[in-house]
2 protein chains.
Amino acid sequence: MARTRGSHSDITGPRVERAALRLFAKHGYAAVSMRQIATEVGVQAGALYNYTPDKQMLLVSLMKTHMQDLLAAYEAWPKPVDPLGRLEAFTRFHLSFNSERPEAVFISYMELRNLTPEHFNEIAALRSRYERALVEILEDGVQDGIFQLEDARVTAFAIIGMLTQVNTWFREDGRLSRADVEALYWTMVQRLVSA
Amino acid sequence: MARTRGSHSDITGPRVERAALRLFAKHGYAAVSMRQIATEVGVQAGALYNYTPDKQMLLVSLMKTHMQDLLAAYEAWPKPVDPLGRLEAFTRFHLSFNSERPEAVFISYMELRNLTPEHFNEIAALRSRYERALVEILEDGVQDGIFQLEDARVTAFAIIGMLTQVNTWFREDGRLSRADVEALYWTMVQRLVSA
DNA sequence: GTCTATAAGATGATAGAC
DNA sequence: GTCTATCATCTTATAGAC
């Protein structure tokens, strides 16, 4: 059966999300109007409400998708069994995953304050699951006598903080390649745990 | 001579800046209206324009003041002459200064995208002066054979990234005191440069 | 210096035609 | 599924009285 003319729900839906992602990252959630998103997609503002109940849910959906993608991709990432190998896998995974979606990473950190408490807690829970994975690697390494560190939770924050910061300065056409950056940060992470 | 009744320029001015700082940090620059700021200060919206030509300059002024305060405070901070002592001074200064003004720190990083190119470059230049100070400490330490690291600029970014991240999780009533956090991070910074 | 009033336009969201 | 038209409200900024 032929499709109704002008019906593109399976095409327009993803385009709305991508446009919102791009514009929210560039100007901030509050600064972007539904009309701007509609213009970017090539439809009228009213048509957006076929894809989201309101502006807030558009943001929530972007952030939730990003955090779920992060967790799913990390679980699928090849991981050795020894703590040092797992720490290297985590380091390289984090740098690689984040470098491929700078906009979603930026939004997921930046726009937390625009979430209602319920949505905030949902995103925060996903984020802690990821952080918890690193804490466990560090604790295992300490137990095996391979790592030396004072506080696994604070060290995990420090590692994630320094790895995530890369997105603020890395440029594709800069002095260093992605491989250079990965190697430098893996060396620094090893030093941080005295491995 | 008696003051004109209702004239409070020396009191209201700072109150406008403080209200804007608080509200911009909480909700984001774009999400805050001049009416909200006026309500917080206790005046009508029109009165704000005695203290700022427009909303944009209110943001620029907050960010510029913060960066200049940062540089001035760092210059006044007691600094040893040896690289290791200077690195410790930088670490403790950064944690201490940032912990005292979380809102200004947040805004100065978060709202860069809302600046016109001219204002952005001005703020970015102040920021690099600060980063440059750390790079020089690291380079001096390498030259003296005290530090071992591959890339002084990337290491400086990593250190600043991990130190600045503290503001996102530290709570006054949490498990760790400020002194605990300073000690933990100073240990980690030393490890990062193999000192 | 602060007020009230207002200009000129943008905003999120909905209703109903096609 | 998309459009046009519209509502009610909010926005930044200014003018002029006090």
Side-chain angles (χ1 to χ4, degrees), chain A residues 1-63 107 111 113-116 118-119, chain B residues 1-24 26-63 107 111 113-116 119:
Chain A
M1 198 176 115
R3 220 178 227 297
T4 308
R5 195 149 78 88
S7 171
H8 305 289
S9 91
D10 50 342
I11 293 176
T12 307
R15 274 168 51 82
V16 169
E17 298 236 307
R18 275 203 301 277
L21 181 74
R22 208 188 71 80
L23 289 168
F24 289 168
K26 187 164 185 186
H27 306 289
Y29 170 77
V32 174
S33 70
M34 293 299 270
R35 279 172 181 77
Q36 274 177 277
I37 298 170
T39 302
E40 176 112 342
V41 173
V43 297
Q44 293 300 311
L48 295 180
Y49 291 88
N50 289 311
Y51 305 100
T52 179
D54 54 30
K55 194 185 168 189
Q56 163 85 209
M57 285 310 296
L58 198 47
L59 175 64
V60 171
S61 162
L62 289 173
M63 293 178 67
I107 287 175
E111 303 294 357
R113 61 187 170 187
N114 282 306
L115 299 179
T116 60
E118 289 76 24
H119 293 133
Chain B
M1 198 177 118
R3 219 178 227 298
T4 308
R5 198 147 78 87
S7 171
H8 304 289
S9 92
D10 49 343
I11 293 177
T12 307
R15 274 168 51 82
V16 169
E17 298 235 307
R18 274 203 302 275
L21 180 73
R22 207 187 72 79
L23 290 168
F24 288 169
K26 186 162 186 187
H27 307 289
Y29 170 76
V32 174
S33 71
M34 295 298 268
R35 278 173 181 76
Q36 276 176 277
I37 299 171
T39 301
E40 176 113 342
V41 174
V43 297
Q44 293 299 312
L48 294 179
Y49 293 87
N50 288 313
Y51 303 99
T52 179
D54 54 30
K55 193 186 168 188
Q56 163 85 208
M57 285 311 296
L58 199 47
L59 175 64
V60 171
S61 162
L62 288 174
M63 292 177 68
I107 288 174
E111 304 294 356
R113 61 188 170 186
N114 282 306
L115 298 178
T116 59
H119 293 134

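Everything numeric here is computed off the predicted structure, so don't read it as measured data. In what follows, every chain begins at residue 1, and chains take the letters A, B, ... in the order their sequences are listed.
Residues A/Phe24 and A/Ile37 meet the side-chain proximity criterion, which asks for heavy atoms closer than 4.5 Å. With contacts defined as side-chain heavy-atom distances shorter than 4.5 Å, the pair A/Met34/A/Tyr49 qualifies. Put simply, the side chain of B/Gln56 reaches to within 4.5 Å of the side chain of B/His119, judged on heavy atoms. Residues A/Val16 and A/Thr52 are not in side-chain contact: their nearest non-hydrogen atoms beyond the backbone lie 4.5 Å or more apart.
Side chain of A/Ser33, nearest nucleotide from C/dG12, C/dT4, C/dT2: C/dG12.
Between atom CG of residue B/Leu62 and atom CZ of residue B/Arg18 there is a gap of 11.5 Å, rounded to the nearest 0.5 Å.
Among the atoms of the strands shown, none is found under 4.0 Å from any heavy atom of A/Val41.
Phosphate contact (OP1/OP2 of D/dT2, side-chain N/O of A/Thr12, threshold under 4.0 Å): present.
Across the protein-nucleic acid pair, A/Gln44 atom CD and C/dA17 atom C1' stand 15 Å apart, rounded to whole Å. Whole-Å rounding puts the B/Leu48 CG to C/dT4 P distance at 13 Å.
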Output a table of nitrogen or oxygen pairs between the protein and nucleotides 13-15 of chain D separated by less than 3.5 Å.
residue: D/dA13; atom: OP2; partner: B/Tyr49; partner atom: OH; Å: 3.0
residue: D/dA13; atom: OP2; partner: B/Lys55; partner atom: N; Å: 3.1

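Here the closest non-hydrogen pair linking A/His27 and A/Val32 is CB-CG2, 3.9 Å.
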